[in-house]
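Everything on this sheet refers to the single structure shown next.
Values reported hereafter were calculated over all heavy atoms of this structure, with side chains retained and with hydrogens, waters and symmetry mates removed. Numbered from 1 within each chain, the chains take letters A, B, ... in sequence-line order.
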Amino acid sequence: MNSYNVYRNLLSAYGPQGWWPLLQRNSWPGYSQEGYHPGVYSLGLTPNERFEIITGAILTQNTSWANVRSSLTTLLMNCSFGPEYLRSAGHTELAALIRSSGYYNQKAKKLKTTAEFFLQRGAANDTPPSRKELLAIWGIGPETADSILLYAYHAPVCVVDAYSMRIFNRLEYRGSAEEGLWTYMGLQGKFHDELPADVEVFNEFHALLVEHGKRYCTSRNQKCSKCPLNSECRFVEQNS
DNA sequence: GCCCAGGAGCATA
DNA sequence: TATGCTCATGGG
């Protein structure tokens, strides 16, 4: 299944998603109360806005965004996402602030190690770190690294997540047949091959896959009859 | 009560 | 390289 066809189909069905949400801008024109900004991509980010995205990317690991937003609101009131605060805060204090995101002991440690990395880079934070540097940080894996590169630095990198795997495994009916399931790097390579190297396309594509995974391609009780991709999905074909 | 959510680290084989 | 386990809250 061609990723660009999927992208165009989902964009047509759902429209621009307004990622990555920025709570700090929730009173700006074009921004929703929750910080979404559909169709607005290219405004520069302040250091604290960039670090809000980095913080959110870590807190949302295996966690719903509603839980993360609650933590981000608390952090915004306490430190406005200044990384100096995350470094200096006590573990127990920080863990309490991000409690609603779950895994709060692990994530408190992840936030501190990440804050330390970016504080040491200092002025170099205007340019993106390498993917390898990000992966070397304790608490940052492939998806979080790519989310930081794409959404905090506008680098042309595709983000793959559990939804992407589920959707493309189903579209191609992988796993139940002779083909193996998609891996992170395998699916990212496919996306990079098939999509135009455009930051706005990559931005929307990942967000659209998340929306699609929530609305129709759910883990169970999937809603195939109303799915905008059902005419080209081998999972539907095999189960009808 | 169970399952899932915008994953990653670590031990084991 | 590839599984399996752990981390943890909050909504459906």
Side-chain angles (χ1 to χ4, degrees), chain A residues 6-7 10-11 14 16-23 32 34-38 52-75 91-92 94-115 117 131-152 157-170 174-175 179-189 191 202-223:
Chain A
V6 171
Y7 163 76
L10 294 180
L11 183 61
Y14 305 140
Q17 297 299 298
W19 279 37
W20 187 282
L22 275 171
L23 285 176
S32 75
E34 299 177 349
Y36 292 96
H37 44 99
E52 178 182 341
I53 296 173
I54 294 168
T55 302
I58 291 171
L59 291 182
T60 198
Q61 290 171 358
N62 202 36
T63 301
S64 68
W65 187 256
N67 288 9
V68 174
R69 187 168 51 241
S70 171
S71 297
L72 292 176
T73 302
T74 305
L75 284 173
H91 173 87
T92 307
L94 181 55
L97 294 181
I98 62 171
R99 183 178 183 278
S100 68
S101 297
Y103 310 114
Y104 47 80
N105 283 315
Q106 283 195 345
K107 285 174 179 175
K109 181 179 172 186
K110 292 177 180 185
L111 289 179
K112 291 176 82 66
T113 59
T114 305
F117 170 82
R131 190 172 195 270
K132 186 177 177 181
E133 287 178 299
L134 289 172
L135 290 176
I137 302 169
W138 189 90
I140 295 189
E143 181 182 341
T144 308
D146 290 333
S147 291
I148 290 171
L149 290 172
L150 175 61
Y151 292 105
V157 174
C158 269
V159 178
V160 176
D161 68 342
Y163 288 125
S164 316
M165 309 257 215
R166 183 165 76 215
I167 291 166
F168 276 85
N169 282 332
R170 282 182 180 164
R174 286 172 172 248
E179 296 176 292
L181 297 170
W182 278 110
T183 63
Y184 189 100
M185 296 309 291
L187 194 52
Q188 186 184 48
F191 292 166
F202 292 168
N203 179 319
E204 288 297 349
F205 188 49
H206 174 53
L208 287 165
L209 287 173
V210 171
E211 184 62 20
H212 185 58
K214 288 180 182 172
R215 282 207 214 184
Y216 295 103
C217 206
T218 47
S219 63
R220 54 175 60 188
N221 302 119
Q222 51 277 42
K223 297 154 186 67

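Using modelled atom types, no side-chain atom of S70(A) and backbone atom of A66(A) make a donor-acceptor pair closer than 3.5 Å. One N or O on the side chain of Q61(A) and one on the backbone of G139(A) form a donor-acceptor pair closer than 3.5 Å.
Nearest to the side-chain atoms of Y103(A) among the listed nucleotides dG10(C), dC7(C), dC3(B) stands dC7(C). Distances from the side chain of R220(A) to the nucleotides dG7(B), dC3(B), dT9(C) place dC3(B) closest.
Using a 4.0 Å heavy-atom criterion, one finds that K214(A) contacts the bases of the nucleic acid, with or without backbone contacts as well. Counting non-hydrogen atoms under 4.0 angstrom, S101(A) reaches nothing in the nucleic acid. Contacts of S70(A) with the nucleic acid, taken as non-hydrogen atoms under 4.0 Å apart, are absent. Here R166(A) lies in heavy-atom contact (under 4.0 Å) with sugar-phosphate atoms only. When heavy atoms are screened at a 4.0 angstrom cut-off, Y36(A) is found touching base atoms of the nucleic acid. Among the atoms of the strands shown, only primed sugar atoms or phosphate atoms (P, OP1, OP2) are found under 4.0 Å from some heavy atom of I140(A). When heavy atoms are screened at a 4.0 angstrom cut-off, Q106(A) is found touching base atoms of the nucleic acid. Residue W138(A) is classed as a sugar-phosphate contact, given heavy-atom separations below 4.0 Å to backbone atoms only. Backbone-only contact: I137(A) has heavy atoms under 4.0 Å from sugar-phosphate atoms and none from a base.
Proximity of S219(A) to the phosphate of dC3(B): no side-chain N or O atom is located under 4.0 Å from OP1 or OP2. Note on R99(A): every side-chain N or O is 4.0 Å or more away from OP1 and OP2 of dA8(C). The shortest distance between the side-chain N/O atoms of Y104(A) and the OP1/OP2 oxygens of dT9(C) is below 4.0 Å.
Within the model, atoms CD of E204(A) and CG of L209(A) stand 11.0 Å from one another, a figure rounded to the nearest 0.5 Å. Rounded to the nearest 0.5 angstrom, R99(A) CZ and N67(A) CG are separated by 10.5 Å.
When rounded to the nearest whole Å, the span between CZ of R69(A) and P of dG10(C) equals 14 Å. Taking atom CG of N105(A) as the reference point, atom P of dT6(C) lies 16 Å away to the nearest angstrom. Summarising the geometry, the separation between CG on L72(A) and P on dT9(C) is reported as 18 Å, rounded to the nearest angstrom. Following rounding to the nearest Å, D146(A) (CG) and dG7(B) (P) show an atom-to-atom distance of 13 Å. dG7(B) atom C1' lies 16 Å from atom CG of L187(A), rounded to whole Å. Rounded to whole Å, the distance from NZ on K109(A) to C1' on dA8(B) is 12 Å. One interatomic measurement links the two molecules: NZ of K110(A) to P of dG9(B), which rounds to 6 Å at whole-angstrom precision. Residue M185(A) contributes atom CE, which lies 17 Å from atom C1' of dA2(C) at whole-angstrom precision.
dA8(C) and dC10(B) are spaced 14 Å apart, taking the P atom of each and rounding to whole Å.
Side-chain contact check for D161(A) and S164(A): at least one donor-acceptor pair (N or O, by modelled atom type) lies under 3.5 Å.
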Is there any protein nitrogen or oxygen under 3.5 Å from a nitrogen or oxygen in nucleotides 11-13 of chain B, and what are the pairs?
none

Exercise. Test T55(A) against L111(A) for side chain to side chain contact (heavy atoms under 4.5 Å, CB included), laying out the working first.
Key: CA-CA 7 Å; T55(A) 302; L111(A) 289 179; 3.8 Å; yes
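Between H206(A) and W19(A), the ring-plane angle classifies as perpendicular under the 30° and 60° cut-offs.
Taking both residues in full, the closest heavy atoms of W20(A) and I53(A) are given as CD1-CG1, 3.8 Å, listed atom of the first, atom of the second, then distance.
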